[in-house]
Amino acid sequence: MNGWFALGILAVLSLAVLVWNVRSSRGLWQIAAAVILLGMTGYALQGRPTTPSSPAKPLAASEVAATQLVDIRADMDQSFGSAKRWLVTADSFAKQGDYTLSASYIQAGLRKDPNNPDLWSALGLQLMLASEGQMSPPAQLAFDKARAIRPNYPAPYYFAGLARLFAGDLDGAILLWEKTVSLATPQAKWKARIESQLQAAKALQAQAANAQAANAAK
């Protein structure tokens, strides 16, 4: 599990916790976000993203992160019919860390319902998780299928942005998350969480730029 994947996991988890647990206290939010962003900035500027991280901590983090990501995807689901009977079981496999079995179960659902964007999006996420956050060609194909069926479907854009973050492309992640937020309906349960991640990513972008400018001035 590479360093950028671990960094992305920590970002997603930390921001999700902040949004749902401390959003009522603006001062606490700002302090906690600043701590996270400073740590992420330090890693981005001074760390070694390609160096393998410690086996135990990333493994635990990835299992918790997978649960968070599956929940975000479920909030973005827009087909409230036949897909659910496949996704409930597939999501339970994913939350146990068995992404391959989850993907296989979703593929069984797609054989019954090949034009369901929720199933295609879920398949893309499981293939991403199985590839440690990388947007593999099969994952990209799955997200492309979901977007072709429903052009204004937010999930493919969000997870493509997440893959960019895992790959160290913060600017690309921000652009895709901006697109994601633009597709939110007023009632979207996931909107506040993604807006929070986008805000923090932009703050990280600004802090990294400032740090680089300061280093260049020395």
Sorted by chain and residue number, the salt bridge (Lys or Arg N to Asp or Glu O under 4.0 Å) partners of Asp98 (sequence neighbours excluded) come out as none

Quick one: are Ile72 and Ile194 in side-chain contact, heavy atoms under 4.5 Å?
-> yes

Among Ile, Leu, Val, Met, Phe, Trp and Tyr joined by side-chain contacts under 4.5 Å, find the other residues sharing a cluster with Leu176 and list them by chain and number.
-> Tyr157, Leu183

Are Phe93 and Leu119 linked, directly or through other ILVMFWY residues, by side chains that come within less than 4.5 angstrom of each other?
-> yes

Please identify each residue that fulfils side chain to side chain contact (heavy atoms under 4.5 Å, CB included) with Pro138, with sequence neighbours left out.
-> Leu127, Ser136

Short question: side chain of Trp120, backbone of Pro114 - any donor-acceptor pair under 3.5 Å?
-> yes

side-chain hydrogen bond (donor to acceptor under 3.5 Å, both in side chains) with Asp144: which residues, sequence neighbours excluded?
-> Gln140, Arg147

Apply side chain to side chain contact (heavy atoms under 4.5 Å, CB included) to Glu195 and list each qualifying residue two or more places apart in sequence or on a separate chain.
-> Val181, Lys191

Listed partners of Ala163 passing side chain to side chain contact (heavy atoms under 4.5 Å, CB included), at least two apart = Met128, Met135

Trp177 ring center within less than 6.0 Å of Tyr158 ring center | yes

Side-chain polar contacts of residues 105-113 - donor-acceptor pairs under 3.5 angstrom, sequence neighbours left out - could you list them?
| unit_1 | atom_1 | unit_2 | atom_2 | d |
| --- | --- | --- | --- | --- |
| Asp113 | OD2 | Ser82 | OG | 3.0 |
| Asp113 | OD2 | Asn116 | ND2 | 3.0 |

Compare every heavy atom of Trp190 with every heavy atom of Asp75, then report the nearest pair and how far apart it is.
-> O-CD1, 3.5 Å

Among the clusters formed by ILVMFWY side chains lying less than 4.5 Å apart, do Leu125 and Leu87 turn up in the same one?
-> no

Are Phe159 and Tyr153 connected, step by step, through hydrophobic side chains (Ile, Leu, Val, Met, Phe, Trp, Tyr) whose heavy atoms are closer than 4.5 Å?
-> no

Spatial distance of atom CG (Leu123) from atom CZ (Phe143) [nearest 0.5 Å] = 8.5 Å

Determine, for Lys84 against Asp77, whether the closest basic-nitrogen to carboxylate-oxygen distance falls under 4.0 angstrom.
-> yes

Nearest-0.5 Å distance that lies between atom CG in Asn115 and atom CZ in Arg150 | 11.0 Å

Compare every heavy atom of Leu170 with every heavy atom of Ala201, then report the nearest pair and how far apart it is.
-> O-CD2, 3.8 Å

Could you list the residues that satisfy side chain to side chain contact (heavy atoms under 4.5 Å, CB included) with Thr185, not counting sequence neighbours?
-> Gln187, Ala188

Value for CG (Leu175) from CZ (Arg164), rounded to nearest 0.5 Å, stands at 8.0 Å

Considering non-hydrogen atoms only, spot the tightest contact between Ala155 and Met76 and give its length.
-> CA-SD, 3.5 Å

Please answer whether the main-chain N or O of Pro117 pairs with a side-chain N or O of Ser121 as donor and acceptor at a distance below 3.5 Å.
-> no

Who pairs with Asp171 by side-chain hydrogen bond (donor to acceptor under 3.5 Å, both in side chains), at least two apart in sequence or on another chain?
-> Gln205

Got a sec, which pairs hit salt bridge (charged side-chain N to carboxylate O under 4.0 Å, His left out) with one end in residues 176-187, sequence neighbours left out?
-> Glu178-Lys202

Do you know which two heavy atoms are closest between Ile174 and Leu198, and how far apart they sit?
-> O-CD1, 3.7 Å

